[in-house]
A.B. asks: 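First the structure, which I've put down as structure tokens, then a few questions once you've had a look.
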Amino acid sequence: MEESYKDGLAEVDEILKYANKESLDKIPKDFKKFIKENKSNYKANINPEKDLAEQNLLYETKVILSVLYRDYWSSEDERKIIISKEKEELKNKEREKIEKYNKNNLFKNKKDNSYEEIRILVKEENIVQKILNKIKRFFKLGDR
């Protein structure tokens, strides 16, 4: 496992220390054990007085929290919506790759794709941000 994901697991482990018992009980013991056994010695700097959105979390931490939210904390309806959006994003990325690496277009003059790349990044961050906001409300870290 990459060190960056081990650091993310360390941050998640620290965040889970501030979660309520009901939230923790929804996470399978095997997953909690995986987090404990695979986290690094990374010193996570989590301030329970601040919202998660206000904290400088690692990208890997956001991904892991998104998975936790999707798989264990969201309602069945929310889970279906999240999975549907993830599938749509994957389809769009595949479509973009196919277009980008199409053999008929490989040697044509390339136009500036920076605007398109920025738009894609903003879209990805928005979904991650939405999930983080839901996790933030779920933990109510800003209310302490």
Side-chain angles (χ1 to χ4, degrees), residues 1-103 105-106 110-144:
M1 179 181 294
E2 288 184 33
E3 194 63 30
S4 61
Y5 277 98
K6 290 181 178 189
D7 293 347
L9 289 171
E11 275 192 346
V12 169
D13 187 50
E14 185 67 23
I15 290 168
L16 291 179
K17 290 177 184 176
Y18 302 106
N20 60 39
K21 182 174 176 9
E22 181 184 331
S23 300
L24 290 173
D25 289 344
K26 292 180 180 181
I27 303 171
K29 290 178 184 176
D30 289 344
F31 195 83
K32 288 188 258 188
K33 182 179 177 183
F34 173 82
I35 291 171
K36 295 276 187 202
E37 291 177 352
N38 292 287
K39 70 179 184 174
S40 69
N41 292 325
Y42 177 78
K43 174 69 172 113
N45 190 16
I46 304 300
N47 183 349
E49 302 298 319
K50 290 185 177 182
D51 289 340
L52 285 176
E54 296 174 17
Q55 302 193 41
N56 190 21
L57 299 176
L58 299 171
Y59 172 78
E60 292 79 5
T61 303
K62 294 174 185 178
V63 171
I64 296 165
L65 287 173
S66 297
V67 170
L68 284 172
Y69 182 80
R70 181 194 67 199
D71 292 348
Y72 306 117
W73 296 325
S74 65
S75 69
E76 192 61 37
D77 290 337
E78 285 178 313
R79 186 176 299 116
K80 287 178 183 177
I81 291 169
I82 291 168
I83 290 171
S84 173
K85 286 181 179 180
E86 287 174 348
K87 285 180 181 178
E88 187 63 32
E89 282 183 27
L90 284 174
K91 284 180 189 177
N92 288 338
K93 285 182 182 182
E94 278 302 311
R95 198 174 308 124
E96 289 171 8
K97 284 180 188 176
I98 289 170
E99 289 174 13
K100 184 176 180 178
Y101 298 109
N102 183 334
K103 65 181 181 179
N105 296 332
L106 275 178
K110 294 184 178 183
K111 62 180 182 177
D112 183 17
N113 291 330
S114 58
Y115 173 77
E116 196 66 22
E117 291 170 359
I118 291 170
R119 187 176 63 82
I120 292 168
L121 287 173
V122 169
K123 182 178 177 183
E124 289 175 0
E125 289 177 16
N126 284 339
I127 288 176
V128 171
Q129 191 61 42
K130 286 179 185 177
I131 292 172
L132 281 177
N133 287 337
K134 287 185 182 201
I135 292 170
K136 173 183 73 173
R137 287 191 304 270
F138 188 77
F139 281 135
K140 297 178 184 167
L141 286 178
D143 296 337
R144 292 184 183 200

A.B. asks: Mark yes when over 12 heavy atoms from residues, nucleotides or ligands other than Lys85 sit less than 6.0 Å from its NZ; otherwise mark no.
C.D. replies: no
A.B. asks: Between CZ of Arg95 and CD of Glu88, what distance do you get to the nearest 0.5 Å?
C.D. replies: 6.5 Å
A.B. asks: Between OH of Tyr69 and CD1 of Ile82, what distance do you get to the nearest 0.5 Å?
C.D. replies: 5.5 Å
A.B. asks: Please report the shortest heavy-atom distance between Arg70 and Arg79, naming the atom on each side.
C.D. replies: O-NE, 2.9 Å
A.B. asks: Kindly compute the distance separating CG (Leu16) from CG (Leu68), expressed to the nearest 0.5 Å.
C.D. replies: 6.5 Å
A.B. asks: Can you measure from CD (Glu11) to NZ (Lys43) and round to the nearest 0.5 angstrom?
C.D. replies: 10.5 Å
A.B. asks: Starting at CD of Glu60, measure out to CG of Leu65 and round the result to the nearest 0.5 Å.
C.D. replies: 11.5 Å
A.B. asks: Taking side chain to side chain donor-acceptor pair (under 3.5 Å) as the test, write out the residues that go with Asp71, two or more places apart.
C.D. replies: none
A.B. asks: Could you check if a side-chain atom of Tyr72 sits within less than 4.5 angstrom of a side-chain atom of Pro28, using non-hydrogen atoms only?
C.D. replies: yes
A.B. asks: Can you see which heavy atom on Glu14 is nearest to which on Ile46, and at what distance?
C.D. replies: CG-CG1, 3.6 Å
A.B. asks: Give me the atom names and distance for the closest heavy-atom approach of Ala44 to Ala10.
C.D. replies: CB-O, 4.1 Å
A.B. asks: Enter the distance from Glu2:CD to Asp7:CG here, rounded to the nearest 0.5 Å.
C.D. replies: 11.0 Å
A.B. asks: Please confirm whether the backbone N or O of Glu54 pairs with a side-chain atom of Asp51, one donor and one acceptor, at under 3.5 Å?
C.D. replies: no
A.B. asks: For the backbone of Lys26 and the side chain of Trp73, can you confirm whether one donor and one acceptor N or O come within less than 3.5 Å of each other?
C.D. replies: no
A.B. asks: Within a reach of under 6.0 Å around NZ of Lys32, are more than 12 heavy atoms found that belong to other residues, nucleotides or ligands?
C.D. replies: yes
A.B. asks: Taking the side chain as every heavy atom from C-beta outward, state whether Lys36 and Lys33 have any atom pair closer than 4.5 Å.
C.D. replies: no
A.B. asks: Using side-chain contact (heavy atoms from CB on, under 4.5 Å) as the criterion, point out the one residue from Val12, Ile27, Asp30 that pairs with Ile35.
C.D. replies: Val12
A.B. asks: Output yes when Glu94 and Lys91 qualify as a salt bridge under the 4.0 Å nitrogen-oxygen rule, no when they do not.
C.D. replies: no
A.B. asks: Within a 6.0 Å radius of atom CD on Glu3, are there more than 12 heavy atoms belonging to other residues, nucleotides or ligands?
C.D. replies: yes
A.B. asks: Check the pair Tyr5 / Asn38 against side-chain contact (heavy atoms from CB on, under 4.5 Å), numbers first and verdict last.
C.D. replies: CA-CA 9 Å; Tyr5 277 98; Asn38 292 287; over 6 Å; no
A.B. asks: Shortest non-hydrogen contact from Glu49 to Asn47?
C.D. replies: N-OD1, 2.9 Å
